Structure formats: C-alpha cells, structure tokens
Number of protein chains: 2
Amino acid sequence: MSARYSIGFDYGTESVRALVVDVANGRVAGRGAQKYPHGVIDETLPTTGEKLPADYALQHPRDWLTSVAAACKEAMKSARVSADDVIGIGVDFTACTMLPCLRDGTPLCMVHPFDEIALAWPKLWKHHGAKAETDRINQVANQRREKWLSRFGGVIGLEWFFPKLLETLNHAPRVTTAAEVWLEAGDWLVWQLVDGPFPECSTSNLVRSTCQAGYKAMWSPTGGYPSADFFAAVNPKLVPIVQHCLPGAHRSPGTAAGVLSATSAKMLGLRAGVPVSASIIDAHAGVPGAGVADAGTLVMVMGTSSCHMLNSKIERLIPGVAGVVEDGILPGFFGYETGQASVGDAFAWFVDAFKLSHEVLSGQAEKLPPGAGGVIALDWLNSCRTPHMDGNLSGAFVGITLSTKPAQLYRALLEATAMGVRWIVDLLNDGGVPVKKLVASGGLPARSPLLMQIYADVLNREIKIAESDESVALGSAILGALAAGKKSTGHPSPAAAIRAMARQREDLIYTPNRAAAKAYEKLYQHYRSLGDTRGSVAQIMRAMRSH
Amino acid sequence: MSARYSIGFDYGTESVRALVVDVANGRVAGRGAQKYPHGVIDETLPTTGEKLPADYALQHPRDWLTSVAAACKEAMKSARVSADDVIGIGVDFTACTMLPCLRDGTPLCMVHPFDEIALAWPKLWKHHGAKAETDRINQVANQRREKWLSRFGGVIGLEWFFPKLLETLNHAPRVTTAAEVWLEAGDWLVWQLVDGPFPECSTSNLVRSTCQAGYKAMWSPTGGYPSADFFAAVNPKLVPIVQHCLPGAHRSPGTAAGVLSATSAKMLGLRAGVPVSASIIDAHAGVPGAGVADAGTLVMVMGTSSCHMLNSKIERLIPGVAGVVEDGILPGFFGYETGQASVGDAFAWFVDAFKLSHEVLSGQAEKLPPGAGGVIALDWLNSCRTPHMDGNLSGAFVGITLSTKPAQLYRALLEATAMGVRWIVDLLNDGGVPVKKLVASGGLPARSPLLMQIYADVLNREIKIAESDESVALGSAILGALAAGKKSTGHPSPAAAIRAMARQREDLIYTPNRAAAKAYEKLYQHYRSLGDTRGSVAQIMRAMRSH
C-alpha cells in the first residue's frame, strides 16, 4: 500500500496555507501559501470606494476560493504526491468570521445591489462594529439569567456571531431581509468544498462545526441556540432569522461534513470523493497539531495574542473562562478555551513605539532577575480576555524609578504575560478542571527562549514545545485524516492518529529554575493584586478608556 | 548718593554662583560662577583613593571657599562696581549639607588622621547613607509621640541633620569623639565670612539659620532641639553631642549674622564690615527672589525636583507637609515647605531612557487632549515627598494600549506633576492654610510653556512666572540687603525691599483654559485614587522596591 496523505487548509487573517502531510507519521510532504488579493478590507469598500468606519474589517469570499486553489496546487506540486493518495481534507478558519448568503451558497456581497452595502460583506473576526449590540445581548442575557451565559464566563464577546448579525439588522436591515443563510466562514468554505462551489450548493448539505457554533454562537449539542424568547427580548426581528436562516446539521471537527465535490476537486487539483472534516477555529486546530490527544494538557498557541485550550472529560462552568464547548475541539471531550488578547503584540508595541530591538532587549532582559529589577506590568494592552472578559481594561507599568531601563519594562511585559497564564491555570484548577501538562506552540516559543523560561519559572511547571512550527495547519491535516476514518488512516483510534502525526520536542523542554520560581510566587501575588477588578487600577483603566 | 549693591552667593550641588544686584531695583549688575574643583565626591575619597559606598555623596569644604572667592571677584569685575558700594551679602546653600569641625572652624576632614575617614567629610544633601538611622529616629519619635514630629508631616527625612550625625556616630565613632562643632554647610560658610576663615573662628560668633535648623534639624524658636530624653532614647551617646557640639545663636534669613571679617573681605575682594545675612536653604531663597513678600502665595521652584514654599501668618500642622517653620523663610511668617522629588528629572528620564527629544515630544504632546489620550501616570519616579513622605513609592503608567505613542506617556508625566501640585494646594487649603496665588520660578517654567499651561489648567488658577531666571541667587542678594537694614537700602520695610528688587513677569501669565480645567477635574480624581496609599498600587510599589 502506497503512502497516504491528508491536506490541511489553514485560513489566517491575511493568507491561506495548505499543508500536505503523511498520514503515517505527520511528515510534511509539501506546502503552499497564498495571500488574499483583497487582504483585510478596512479602508474602502472595493465596489464603491466608500470609506469604511474605523472599526470595520471585512473580507472578500472569492479570495478564499481563488487563494486556496493556488495554495493547494502549489502544495501538491511541491509534495510530488498523486491526488489519488490524498485521503482527507481539514479546514481551519479565523472565527468568528461570518457572512450572509443565499440558499445556493452565493455570498450576498456578490449579488447586486448588496455588493454596495458594507455590512453585506463577510465580517472578519476583528471587525469591531458591534459594540452596542454586544452590550445589548449581554444586558438581556444577564437580566434573563440565561443559563448558557455561564458556559462563557458570564460574558459574550464583541467579536462573536450574534453581535455581528444584530449589527447588520440594526444598521443594514435590507441585508438581513435578503439574507437566506447566515454562517461562519469556515462552515461556508467546507460547504463550498463538499457541495459547490456556489451557486451549486444546497442547504440540505450544509454542515456546521460544533467548534465555531459552540464558542462563537452560544450553541450546544444539548441546548441548541438560545431560545426564541431570548432573541425576542433582544430584538423580535431576530426570531425568524434564527428560525429560518441558520440551517445545517452540527458535526464535530474530525468528523466528515461530506466528500469533495467534482467541481471543487477540479478547482483544487484533487480527486472528487475525498472526505472533508467539519471546520474548526484556527487556534483550536493547534491542539491536535501539537500532538495532544488526552485530557488535562493545556495547549498554548502563542503569537500576537495567545489562545489556551484544554480537553477534559469534566464539565465545569468557570467564571472568566471564555468558553466550554462539548465536542468543541475533539469529539468526546469538553473543550475549554481561554485567551490573552495581547502577547507578542504587547512586546511588538514596546519595540515599535520606542524604535528598539527585540534582540538587544532580550539580551539585556535575560540578565535581570525575576521582577525585572523592581518593575511589574499588566499585559492588557489589547484589553483583557481571561479572566475578566473586559474590553475596557488596559496595560500598566508600576515601579518605575529614575534608573529604570527599557529592558526592565520589556522583561516586565514578558513576565506579565506569563503571570496571566498562571492566573488562567489557577482558574481552571480551582474550578475543578485539572491542568496536568503544558504544551506551547505557535510562532513565539521558537523565537523567544527567554520568554519560555520565564513561563516555566512563573508557572513552576515543565513546558514542552510542539515539534511542528506549523501546528495549526498540521492540526487541520490531522482532522482531515480523522474525518477519513480508521480504515483509511490505518490508526486504531483518533488519539493514536494524533500521536502518530504530531509530537512535542524531546530535545527542548523548559524546566523551572527553583530560585526563580520561588521569587515569582511573591510577584504573582502582586500581579493578582494589580489586576484585581475590584481594585482602583481597573476602575481607573475603565475611566481612562472612556475619557 | 551713589548706587548701592548687595551680593548673593548661591551654593548649588556642583558650583557656586555670585550675583551683584542693584539694591534700588534688583537689576543684576554682574555675575560670576565657579565649579567646585572636587565636584560631588561619590566615587573615591580624595585623600586615600578608597572606593565609596553607592549611597555616599561628599564635598570638599575648601572648594566652597576657593570657588566663592573666584566667583565673587568675577561678578564684581563684570559689574564694574566699587567694593565700597556693596552694602550686604546673602548666602544660600544646599541643605542638609553638614559637617563636623573644630571650635576654630577647621573642618575635621582637613585634620589628619580624620582626612582619611569618609564620614568625617561634609555630607552633601543627597548623601543617602543614613537609612537605618532615619528609621531609628522615626521609630523612637513615633513611640514617644514627640510633638515636634507633627511640624514635619509626621516623618523626618533621610537627608536631614540628625540621621547624618547618627550615621557618623554609628559607623565612625572616632569622628564624633573628635568633632567639637556640628553644623550646616550654609552656617559654616557664613561663620567663615564673619569670623574667619578658619582657624580664626570662635563659636561665640557662630550664627545658625532658623531656616536650616527649622527644616532639617527639628529645631524651633520656642522649643529648641528635641529633648535630651528623646536623644537618649535614640542613642545615649547623642546627648552630650547635642548638648556641647551645637553651639551658636539662631537668626532668621534676612537678619545679620555679623559683618565681613578683614581676612574674608580680602579673600572675596570686598570691604570688611559689610553685613552678612544668616544663611538660607537654596530653594527657600527663591521666595524673595520671585518678588513674593506676602502671605498666601505659593512659590514653586521647579527644576529637576520641585520645592513649593508659602509664607503664612497662620500656623497649622498638616500631615504630609514636609515642614512648617517659624521665621523659616522670612522673619515674621510661618514658612511652609512641600516638595516633589522628581519633576524635570522624570521628564529627563523618559527622554534619556528612550533616546527621544524634549522638543519633538512637546510638539506632539501639545496636540493631545487632557488625559493624554487615555494614559495616566504617577510622577513618583524618585519617591514621593509631599503628600506621603515615602521613599519606597515609585512611578507608574496606567491606561496603555497597543496604539499608545511615546508622546502620550510624556504628556501623562507632565500632567502627573501638575496633579501632584494640585494635591499639595488642596492639602494646604484643606488644612486651613489658604493658597491665594501661584508663582513659578526655576529652570523648567522658561523651558516648557506646555508644562506651565498644563499647570494652569490642572490647578484651574492663574500662574505667574518669576521675572528673574536666577531667582534663588537674586533672593540671596535680597536677603543680604535686608540684613543691611533699611538705612542702608532705603526701602521702608523688608516687603518693600523684596517688591522693589524682584517681580513677576507681566507679559506672560498662564491662565486656565475652561474646557481643559473641566476635563482635569475628573482626571485629578483618578490621580488621587491611583496615588492613595491605602490602595493596592502603593502597596505593590513598596513591595517591588524591596524585591
């Protein structure tokens, strides 16, 4: 039997990447990548030249198709693999990136005259136009003491599905009248692969991911979406939309949403009939991509921001944890998600604002003791996700003297993000969801050994590093293989397949330094005190935001 | 009658300046300045090459004499004034700069073998070797509930007279055994002028200033020094020192300590018999030097740090106010002193640490609204004098986001120092000592119009600027004229002499912008909240200092 391969499509903010992976051992056989021709649409609408508001971020759905076709062909070509040996496809996507379309899959923004209405276009995850709508939804959910709210730490986010939908209803009602289907971009893409591309799609073949639905649209396997009563209390016009415009069965990532259609196969240069996994949120694909298949391992996907995911057999509703979703990451587990909104971004802010160098600062910061020589920071420069879920918080430095050097502020920022993770681990442990192991992946761990050592010291835990530096795309390919089933992969179980296809490095494990860990015990208490939302600092932060 | 002149000797940290001033109108006829050959002695002891501890800062007393001789001759030469027309001399000096000497005025550090003992040398104001001694004195004073403590806001400072003396007793007892007289450098200098120079001095002609004694040595006209019981409780060996080694009558600045001796007159190129005023602390000379003779005007001497002084007919003991001293600044008033330990120094730290430019940052900061676009700072980068008198506090920035620019942090620092002054004004007003007018002097007001406008807006008050940019040296010259008496000056009263010899600018008065003042009302509340020592930030600052 010849080698078998799966393909992962990794949809990022600026580009899509395709990875062709050997199903037996996870070896990357070939790669391709393609930037979206329109990139992020945040200045003017392509059709009209209309200037967009500052908090808008849109994308062009045709980019997603043309770019993936190019990336896939490039990856297959570099892999020198026959299309016949590809057994499965996985798709991860930024979320919540969502769009309205017609029943045949046609995006509304590609139908005149809606192409000239900004809110008919796909709203990218970081589109922040729905502030008032988020407040409204939270207010009603709190008033009605909606039970599902506790699955999200008590607060739903600005970037989620229903705020974006309600924003369109409030500001472009013509769009909601015309829209026949509202869906996540990842689900739309999978729909195109198995039943399209548009206008060939039928809603009877539309499959939605339990991941996106669970984390971004308040859906659960047992409770479905929030009730009609709830939506009626928010805005009665939402009720028929939720009832009629959210068609589709829900399936977990790693289970097949269908098989590749003939037209889409031709577009990608692949064979029709290949199983396609239900989609997954990009960061969440990093869990299988880091070789993690068991309960109790926290996978930290660390980049400009950080996302931390944990599979567990235990369901607990923990205030401050952004989401717990059944089958949210892998089938058979409750998937926990927490996040830090600025990690690499905070370090980059410092370096860019003052025209400094990461290399020089890291070299100086490495020589400093824990506590950065007397400076402590709060890392909420892009607001606080876990534990406070509060967009009005911000960053801070405390302990500055006339002899404070830039490297001290830089190290204080590194330490602050580490202490933020410790807070998250404490939150999960104290909430009854044990964190047994820590695995880091993403771009930052490879770039900053100092940062990873600080994490090990602050957390007082061993930290392993995902072997692959493309763990999200690899995770997608693994989910594609899982969707093909054990007969195709040859692996006896999903866990066995994940462990065979992805691993952590054996040659680089960060272990805590005992003296540093002891010093950080105290510093962590100061960090908690500084970050206490009942304290004056948080109140001042909120006031300064609205100032 | 020909023009009459007075001379002010202004002893700074690095150099002495001499100003020859027309007594009729304050016109500066001539200037001279001379750096101290040894500067600040903080690395090695000149006699032995011994490396000094990091917190040591000493000076060489011979420097004070050789430098003032050169500066005075230079000033007289440039003024083209006859020595016969000089009617009075004033001396201001950094404080507490203090030294041990013999009864004939010889500094102990100029007598072998004491010249080889660092603690026998004059300790400069910023010598910080007496931390433990300061704690000890505060502890005993608090335990015994010493009444005089309330004149100093409840805390005595690290840089004061008795901590420095006790440090010598603890660490160099041979020096205290040999010392016959302990005194302030300003008083030593005046003693040299009227009765020396050494070894020609006699303690019967030693005059001490009520200013230095009152602000730095816990002395008062009615109570004298603290009691023998108190000193015995601190350290019994202090009792005979206080009893025998602090000779000299106390006189207020602006009253004569004596007249210039023949030898000193020759040294300075002046005429013997000229009245010499009792000395004054350098910043305090800025009050008459800014043309302020009345009660209720706060004079802000603004430089690397700021010192704020106010004369009042009312005596109130206000927690947090660093000192209230009868006859402390001008005869017949209670002199109040408060301080900010880092003002210009804080701005310089920011500019130097990040290699930026004051000019560029000011230009950008000027365009920002009050609140610096969402950032608020605490200006305690060199600890907090008023209101907390706490050396363990530090600086902070709160409200930082990924889009924060350096100019925002810079403006936040400017605003923080302004809000620090507002806190001080509120403290005085609320304590029953009305602040009616504000006058700024020193180097900063001339250099930073933006800063002064922010002060006017934050304080919501008109701020006048001292006409002279040498107001401290001018103040000394004025005190020299006052010491000569009204027959010599021709002015009917001290207040009339001050008003004739110094003024505020008429062409540049900073007035509050109504909208900005309103915005700062809210921001000031946030600043107070951030700076509340019962709050978490102050506790964290203290913990980080000891970390």
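Quick caveat: nothing in here was measured; it's all calculated off a predicted structure. Per chain, numbering begins at 1; letters A, B, ... match sequence-line order.
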| message | Among Val398(A), Leu402(A), Leu530(A), which residue has the highest count of heavy-atom pairs closer than 4.5 Å to chain B? | response | Leu402(A)
| said: With rounding to the nearest 0.5 angstrom, report the CE to CD1 distance, Met541(B) to Ile376(A). | reply: 11.5 Å
| Going through the distances and angles, do Leu356(A) and Phe354(B) end up as a side-chain contact (heavy atoms from CB on, under 4.5 Å)? | CA-CA 8 Å; Leu356(A) 301 166; Phe354(B) 296 106; 4.3 Å; yes
| remark: In terms of heavy-atom pairs under 4.5 Å with chain B, the winner among Ala346(A), Ala348(A), Ala353(A) is Ala353(A)
| remark: Per-residue tally against chain B (heavy atom, under 4.5 Å) across Thr404(A), Leu409(A), Val537(A) peaks at Thr404(A)
| remark: The reported gap from CD1 in Ile400(A) to CG in Asp379(B) (rounded to nearest 0.5 angstrom) is 11.5 Å
| Interchain contact, Phe350(A) with chain B, by part (heavy-atom threshold 4.5 Å) | side chain
| field | Residue part contacting chain A, namely of Ser383(B), when any heavy atom lies under 4.5 Å | value | neither
| message | Taking side chain as everything from C-beta outward and backbone as N, CA, C, O, which of these in Leu393(B) sits under 4.5 Å from a heavy atom of chain A? Side chain, backbone, both or neither. | response | neither
| query | Taking Asp352(A), Asp345(A), Leu378(A) one by one, which has the highest count of heavy-atom pairs under 4.5 Å against chain B? | reply | Asp345(A)
